[in-house]
**Q** 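Before we start, here is the structure in question, set down as structure tokens.
Please read these numbers as outputs of a predicted model, since none were measured by experiment.
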Amino acid sequence: MRVLVTGGCGFIGSHLTDALSERGDAVTVLDDLSTGLAGRVNPQVSVHLQSITDAAALAGVVQRVRPTVICHLAAQADVRVSVAAPATDAGINVVGTVNVLEAARAVGARVVFASTGGALYGTATVSPSPEGLTPKPESPYGTAKHCAEQYIGLYNRLYGTGHAVLRLGNVYGPRQDPSGEAGVVAIFCGQVLREQRPTVYGDGRQTRDYVYVGDVVEAFLAAIDHGGPGVWNIGTGKPATVLEVLEVIGRVAGRTPEPLFARPRAGESLRSALEVSSAAAELKWRARTSLGEGIARVYAWAAAGSPIRAQR
């Protein structure tokens, strides 16, 4: 099928683009390179340098490509940026998503949307959190993703579309920027390799559902092949604390890192784990990569110099 990946030069999007190409789909990428890197994408894949916030330019690309499916991963994904600039965050994550939905509607394309699990549910009263739990986001980023999901549901009701939502846990793996603002696994691996003290915000006991990027890609492929609407959590269902992540990295590295504690960051939830039984039942998908195995892969990738085209 013909697939357009927004944010296809990003960490997750580039891995998804590779997987789609490998299985024989005709793939096109749309990315404004605000955070993505063109070098992550196979040179044989066509990349359109456009932003989802430019409705006309986006619509023009979609009209030319006429995709069967749009995998929508383009986003402003930094919680701290959303706290500092909520209007900017909403412009990308809400209005940009509406632009994608309108462009998709014009050509009859189905949208598979990358949402968030932890930032959407907030510090939930039920953990692991099921899809039916009332969202209580604690940041503008989580709120914007929730709002975007509401538009997707509206389009499904109003126009009979089959758009789907994947609520992702904390995704980690090769190609994630080890010097960036998000992605604690890659950041910690980079700091430990440089023999720096990893910075832990808060007491390090906050939990996240860390899910490996290769498993997330498989979830996208399953949602594409499912062909219908749905909302699915994509995680492991097994929370881990930040300190536990650092402990695993220490075992892989063969030394015990000494964390440097800093003040908690505004807008970040204290705990997060996702109930994943719906994805198992309806998409026939489960995460297969253990935290230890995934972290070992990331550490090896970072030790090899963080190659931009590393495999998942």
**Q** Just checking, any donor-acceptor pair under 3.5 angstrom between side chains of Gln76 and Asp89?
**A** yes
**Q** May I ask you to decide if Val165's main-chain N or O and Ser115's side chain share a donor-acceptor pair within less than 3.5 Å?
**A** no
**Q** Would you say the side-chain atoms of Glu244 pair up with the backbone N or O of Thr207, donor to acceptor, closer than 3.5 Å?
**A** no
**Q** Might you work through the side chain to side chain contact (heavy atoms under 4.5 Å, CB included) test for Tyr151 and Thr97, ending with a clear yes or no?
**A** CA-CA 8 Å; Tyr151 272 101; Thr97 298; 5.6 Å; no
**Q** Is it true that a side-chain atom of Thr241 and a backbone atom of Gln206 form a donor plus acceptor pair closer than 3.5 Å?
**A** no
**Q** Using the salt bridge (Lys or Arg N to Asp or Glu O under 4.0 Å) rule, collect all pairs that involve residues 10-30, keeping only residues at least two apart or in two chains.
**A** Asp18-Arg175, Asp18-Arg309, Glu22-Arg312, Arg23-Asp25, Arg23-Asp225
**Q** Which pairs with one or both residues in residues 207-226 pass ring-ring contact (aromatic ring centres under 6.0 Å, His included), sequence neighbours excluded?
**A** Tyr172-Tyr212, His226-Trp232
**Q** Is a side-chain donor or acceptor of Trp285 paired with a backbone partner of Asp215 at a separation under 3.5 angstrom?
**A** yes
**Q** Is it the case that the side chain of Asn99 and the backbone of Ile52 share a donor-acceptor pair, with hydrogens and angles ignored and the cut-off at 3.5 Å?
**A** yes
**Q** Name all residues meeting the salt bridge (charged side-chain N to carboxylate O under 4.0 Å, His left out) criterion together with Arg167; count only those two or more places apart in sequence or in a different chain, and write none if there are none.
**A** Glu149
**Q** Residues two or more places apart in sequence or in another chain: which of them pass salt bridge (charged side-chain N to carboxylate O under 4.0 Å, His left out) with Glu247?
**A** Arg251
**Q** Got a donor-acceptor contact below 3.5 angstrom from the His72 side chain to the Gly96 backbone?
**A** no
**Q** Using residues 28-35 as the side-chain source, report each donor-acceptor pair under 3.5 Å to any protein atom, sequence neighbours left out, with the distance given to one decimal.
**A**
from: Asp31; atom 1: OD1; to: Leu33; atom 2: N; distance (Å): 2.7
from: Asp31; atom 1: OD2; to: Cys9; atom 2: N; distance (Å): 3.0
from: Asp32; atom 1: OD1; to: Ser34; atom 2: N; distance (Å): 2.9
from: Asp32; atom 1: OD1; to: Ser34; atom 2: OG; distance (Å): 2.8

**Q** If you round to the nearest 0.5 Å, how far is OG1 of Thr161 from CZ of Arg110?
**A** 9.5 Å
**Q** With sequence neighbours excluded, what pairs up with Arg66 under the salt bridge (charged side-chain N to carboxylate O under 4.0 Å, His left out) test?
**A** none
**Q** Is a donor on one side and an acceptor on the other found under 3.5 Å between the side chain of Asn233 and the backbone of Gly117?
**A** no
**Q** Using only atom types and a distance under 3.5 Å, with no angle test, would you say the side chain of His146 pairs donor to acceptor with the backbone of Leu120?
**A** no
